[in-house]
Amino acid sequence: MTEELNLEVYLSISKKKFEIYLLDKKNLKNLYYEELYLKSDTDLIDYNLLNSFLDKNIFKIEKLIGNFL
């Protein structure tokens with residue numbers, strides 16, 4: 001029997017920062033949180049920076065939960 005994971009991952013993208021969260025729904029705990037503040041004054045999103053942020057943090061989350069996102 002497989003155990004169902006009660007985890008949710010959220011990504012927040014704004015002009016000033018990127019944030020990623022891993023939440024345990026069952027125990028109502030934040031298991032992982034990372035943010036990256038942006039120094040750019042433009043309203044455009046740097047997709048290369050976002051891609052790098054996601055690559056690094058998704059790998060960490062997958063390692064933490066022992067499963068793929």
Requested in this report: Flag yes if L31 and L11 sit in one hydrophobic cluster, no otherwise; membership is Ile, Leu, Val, Met, Phe, Trp, Tyr, and two members link when side-chain heavy atoms are under 4.5 Å apart.
Outcome: yes

Query raised in the report: Are Y47 and L54 co-members of a hydrophobic cluster defined by side-chain heavy atoms under 4.5 Å apart?
Result: yes

Query raised in the report: How many angstroms lie between CD in E34 and CG in L22, if you round to the nearest 0.5 Å?
Result: 12.5 Å

Report summary line: CG of L69 to CG of N57, rounded to nearest 0.5 Å, is 11.0 Å

Query raised in the report: So with a 6.0 Å cut-off around NZ of K15, is the heavy-atom count from everything else above 12?
Result: no

**Report entry** Nearest non-hydrogen partners of Y32 and K60, listed with the distance
**Finding:** OH-CD, 3.3 Å

Requested in this report: Locate the shortest heavy-atom distance separating I20 from F53; write the atom from each residue and the value.
Outcome: CG2-CZ, 3.9 Å

Requested in this report: Please test L38 against D46 for side chain to side chain contact (heavy atoms under 4.5 Å, CB included), starting from the C-alpha separation and ending with a verdict.
Outcome: CA-CA 9 Å; L38 306 174; D46 183 350; over 6 Å; no

Report summary line: Between the NZ atom in K17 and the OH atom in Y37, the distance rounded to the nearest 0.5 Å is 4.0 Å

Query - From CG (L23) to OH (Y10), nearest 0.5 Å - result: 6.0 Å

Query raised in the report: Do I13 and I58 belong to the same hydrophobic cluster, where Ile, Leu, Val, Met, Phe, Trp and Tyr are linked whenever their side-chain heavy atoms lie under 4.5 Å apart, directly or via other members?
Result: yes

Query raised in the report: Are Y21 and I61 connected in a single hydrophobic cluster, I mean Ile/Leu/Val/Met/Phe/Trp/Tyr linked by side-chain heavy atoms less than 4.5 Å apart?
Result: no

Requested in this report: For L7 and D24, work out which heavy atoms get closest and say how close.
Outcome: CD2-CA, 3.8 Å

Query - Heavy atoms from other residues, nucleotides or ligands near OH of Y33 exceed 12 (cutoff 6.0 Å) - result: yes

